[in-house]
Amino acid sequence: MESKLPKGYEPQEVEGRWYAAWEQGGLFHADETSARPHYSIVIPPPNVTGVLHMGHALNNTLQDILVRWKRMTGHEVLWMPGTDHAGIATQNVVEKQLSSQGMDRHALGREKFVERVWQWRQESGGQIINQLKRLGASCDWERERFTMDEGLSQAVREVFVRLFEDGLIYRDNRLINWCPRCHTALSDLEVEHEEKKGHLWHLRYPVVGTERFLVVATTRPETMLGDTAVAVNPEDERYRDLIGQRILLPLVNREIPIIADDYVDREFGSGAVKITPAHDFNDFEVGKRHDLPLVNIFDESGVVNENGGPYAGQERYEARANVVADLENQGLLEKVDDYGNAVGECYRCRSVIEPYMSKQWYVKVKPLAEEAIKAVQDGRTRIVPEQWEKTYFEWMFNIQDWCISRQIWWGHRIPAWFCDDCDQITVSREDVTLCGHCGSSRVRQETDVLDTWFSSALWPFSTMGWPERTETLAKFYPTSCLITGFDILFFWVARMLMMGLKFMGETPFRDVYIHALVRDAQGQKMSKSKGNVIDPLHVIDEYGADAFRFTLAAFAAMGRDIKLSTERIAGYKAFANKLWNAARFALMNLEGFDPAAIDLDRSDLSLADRWILAQLAEVELETGRALGAYRFNETANLLYAFTWNSFCDWYIELAKEDLYGTDEAARERAQGVLYTVLERLLRLLHPLMPFITEEIWQSLPGERPVRFLMEASYPAGGGIPVDTVGAVKMEQVMAVVRAIRNIRGEMNVPPGKGISAVLDCKSEATALVLRENEGYLRALARVDNLSAAVGVSRPEKAATQVAGDVEVLLPLAGLVDIEEEERRLEKEIAKVAKDVEMFAKKLSNEKFVANAPPEVLEKDRGKLRAGEEKLGILQGSLEKIRELR
RNA sequence: GGGCGAAUAGCUCAGCUGGGAGAGCAUCGGCCUUACAAGCCGAGGGUCACAGGUUCGAGCCCUGUUUCGCCCACCA
C-alpha cells in the first residue's frame, strides 16, 4: 500500500502553501453585513519597529486559536490587525540609523526627519506582519491599520478636542520624569524602577555664624548645587535650636534656610535633609509648602547649567564626581556609605530619569477611571483570570493624572495652537491659521506630540472607523475578547477601557484574557543582553508552526509564567508527526472509500467502534467547554491524549483486524468509523494546528461540503451514536489486554512470542464479551490459545493478574517463580485490602453517609464492591499458588 | 512600605465549584509487531513547603510560619 503523503511530516513545504490558499480564498475576511453572530478581537498592535518575539507568538497564537474556533462555530469573525507607531522607540531607531550616517535629526529638521521615519516604515516597518503570517495568524489583513493612519489620526484629534472641551485635558508646570537621552517627558508608567547599588554621601553643611556643621545625607550629591533649604523634623531635639537659622551652601556659597517639616524621618541618615525642589519629587512638595525658590541646575541633556557655577557644562555624573572631590578637599565630606536604592530608568533607552521642571499636557483621569472601574465591577468587562481584577482596581483607585505630551517629533502632534498676541490656546480638529480667541494670525502649533499610548487607547474603535458611525462599529463593537499580557494592563488595557467608555459609551471588550510572560527554561526573562532569547522564527523553521503553536497552548495554563523549553517543543513536533502517520495509515486503508456511504447507526459496529465513538463524543464536548473557558492547556491536553492514546494506541490497533481482513462489510464499517474519527479530530485540532490538519484533510477521499477545513464546522458531539454499554465492554477487554501485557512485561516474554491465556471469569456476561472479542486479545496481546469461561479449568503453574471481574492466568510454566509470585500476590492483596478497609470504614461512618452527596456515595460503594471482588480473586489466586508448593 | 502570586514525582508543570494524586520529559526492563524507532509494550517513583483549624471528607477553604517570584510606591 502506498500513501499519497510522504513518510514524515514536512512543515516547511506545507505551511506557506495553505496560508496563501486561505488568504486568497478570502477566508480571513470579516463581513459586517453578515447575519451571523459576531465575534471580534483587536490585535494588540505590535510596534512597527518590532520583530516577532515569544510574547507576540504566545499572544497571537491564543488569539488565532479563538478566532479559528469561533469561525468554525458559525460566527462572523473579525480579527483586526495593525501596528503601532511607537513614538519614542521608532524615533530612536531612525535616529540611530542617522547617526551611523554621521547625521542627526536636528541637522535634518523636523519635517525632513518625519519624512525619513515614514520612509523607514515603508521599507522595513512591516516585517512583523509577515512573521505573524508564518505563525498562521488569520487576521483580516484587508483591514490592517497603523496608529498614524489618516483615519486614526482623525480619531486622535477628535478625542483630544473633546477631552479638552470637557475640561479633562489641561497644561501644567510641574516636576516630571525627564529622559535626558530621549529629550522628552515620560509618564509615571514609562519609568521603570530598578534597585541599584549606590552610595549615601554624608555632607557637612556649615551653619552661618557658628562653628557648627549640619550633616545631610544624599544619594545625589551633585544636586546640592540646587539646594534651597535644609529640613529637619520639628520634633527633633537635636536640631530644634537650628530651625530658622541659615546654612552657607558650600561650593556655590549661597545662604539657605534651615526649615522644619514632618516629611523628615529622624531615624534616617543624620535626620537632616537637603532640599532640592527642582530635582526631587519630595523636595518639590516640601518646597511648595515652604515657598522655597526652585534652582534648576541642569539643561535638558542632564548637563549642569549656569546655576551650577564652576560646574557648568559638566555632565551630571562628571559633576557628581567633582562635587564630591571638592567637598572632600574642603573637609566637608563626613562619610560615604554603600547604599542601594531604586532609580528610575527610561523604559525605552534605560537612561536614568531626571526629575525636571517643565510645562506639559495632562489628562485628568479620575472621572474616566471611575467609569472604567464600574465597568469591571458590574461585569460588563470580565478580566480572566480573575486575580488580575484586583491588580486592576488597585491601580485604578490610585491613578494619577496622565502626562500625555512628549518632546519628540514622531507621533501625533498635539492639535493646539498658541497665540502670540493674546497668549490664549486654540484647540481644534482642523489645522488653525487664526486664533480662536482674538482672531490673530500669529498662531503657532504646539510642537509636542502625544504619548503613543494615547492613540493605542483608542484602538478598539479607531480601527473600526470612528468617529464615523460605521457598519463595522455597529457589527463588531464592543469586541468579544482582548488577549494580552499583564505587562500592559495599565499602559493599554485600562486606558482602552476609559476611552472606550467615554467615547463609545460602551466597554471595548466583554472579556480580557491576561496571559503569562514567556521565560526561558530557567525561568529568566528573555532578553538580548542575557543572550537567552529564543527566536520564534527559528522555532518555526525547526519544529514547524503547528508544533510551536501547540506547545504555547499547552503551556498557557492560567496565572503562571511559561518556562519555554525546546525539549517540549520537540515533543509536540513528535505529536504532529504522530498525527501525520495516523493519517497516513488511515489513507492507506481508505483507498476508494466513499464517505457518503458512512452509516454510524448500523447495528454491527464493533466494540472498538463503539468505544472510540464514545470517546470522541466526550472529547468534543470537553474541548468546546475548555476553549470557551480560555483553558488552552486543557484543550491541548485533551486532544493530545485522545489522538495519541485513544485513537493511535488503541483504536487503530483494534481496527486493523477488520481493515486488513477479508470481510467486506466489516472492512467498510471500520473504514467509516476510521474516517469519521480522523476527520472530526482534524476539525478539533485545526484551531491549534491549522497547517497540518488542513494538509491531511485535503488528502481525505470523497466530497465535503466546504473547500477548506478552515471553513468546516467545529464538532460538538452531534451525529455520533454513543453506546455506553458497548464502551464499557470494550474497557473490560482492554483491561484484560493490559493485564496480559503487564505479565508479559514482568516475565520478559517477548512481544513476538505467542502465548496461551486462561481467563477465569466471575460472570457469564464478561465471559461472553471476551469470547466474542477474542480477536482483540489475539492481535493486541498475542494470545494464541484462549479459554474464557466461568469456572474454567485452571493451569497448574500460572502468572496471574486481575482485570475487572476476570482473573487472567498465563501458564508460563518455565518462567513462573512460585515464591516470587506468592510475594507479589501478597503485596497486591495488602494494597487492595487496605483500600477495601478504607472504603468500608468510610461507608460505615454514619456522618459520611448522611452528608455526602448521593453520587459520591454511589461511586464509593461501587469502589468497595470492586475492591472486595478483586480481593476475593486475588486471595483465590494466592491459595492456588500455595497449593503448588 | 503596600499589593499579588507560587511551593505537588529526579526535572518542567496540570489538577476548573472540596469527594481515594496526573501528564510530558528523565530513569529502568522488553521490542526494528507491514502508520510512525520522532515509534511500540511494560515498570518504578509523591508526608501535595511547614504548623494549626473548618469539614463526614482538604493538594484545593481559613489562620500562622518559612522560602522564592512579580507588580506598585516620592523616604533623602
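Below, chain A is the first sequence line, B the second, and so on; all start at residue 1.
- Nearest-nucleotide mapping onto RNA chain B: of Asn581(A) and Lys573(A), the residue sitting toward the 5' end is Asn581(A).
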Could you provide the dot-bracket string of RNA chain B, using ( ) for intrastrand pairs, [ ] for crossing pairs and | for bases paired to another strand, with Watson-Crick or G-U pairs below 3.5 Å? (((((((..((((.....[..)))).(((((.......))))).....(((((..]....))))))))))))....
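- Every ring-ring contact (aromatic ring centres under 6.0 Å, His included) that Tyr9(A) has, sequence neighbours left out, goes to Trp580(A).
- Note on residues 839-862 of chain A: pairs passing side-chain hydrogen bond (donor to acceptor under 3.5 Å, both in side chains), not counting sequence neighbours, are Lys842(A)-Asp860(A).
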All N/O contacts under 3.5 Å from nucleotides 43-45 of chain B to the protein, with atom names and distances to one decimal?
unit_1 : atom_1 : unit_2    : atom_2 : d
A43(B) : OP1    : Asn742(A) : ND2    : 2.6

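- Every residue two or more places apart in sequence or in another chain that forms a ring-ring contact (aromatic ring centres under 6.0 Å, His included) with Phe486(A) is listed here: Trp388(A).
- Nearest-nucleotide assignment on RNA chain B puts the 5′-proximal partner with Glu653(A), out of Glu653(A) and Asn851(A).
- Checking side-chain atoms of Glu334(A) against main-chain N and O of Leu203(A) turns up no donor-acceptor pair under 3.5 Å.
- Between Lys863(A) and G20(B) there is a side-chain polar atom (N or O) within less than 4.0 angstrom of OP1 or OP2.
- For Lys842(A), no side-chain nitrogen or oxygen approaches OP1 or OP2 of G20(B) to under 4.0 Å.
- By the 4.5 Å heavy-atom criterion applied to side chains, Val856(A) and Phe848(A) are counted as neighbours.
- Residues satisfying the ring-ring contact (aromatic ring centres under 6.0 Å, His included) criterion with Tyr347(A), sequence neighbours excluded, are Phe491(A).
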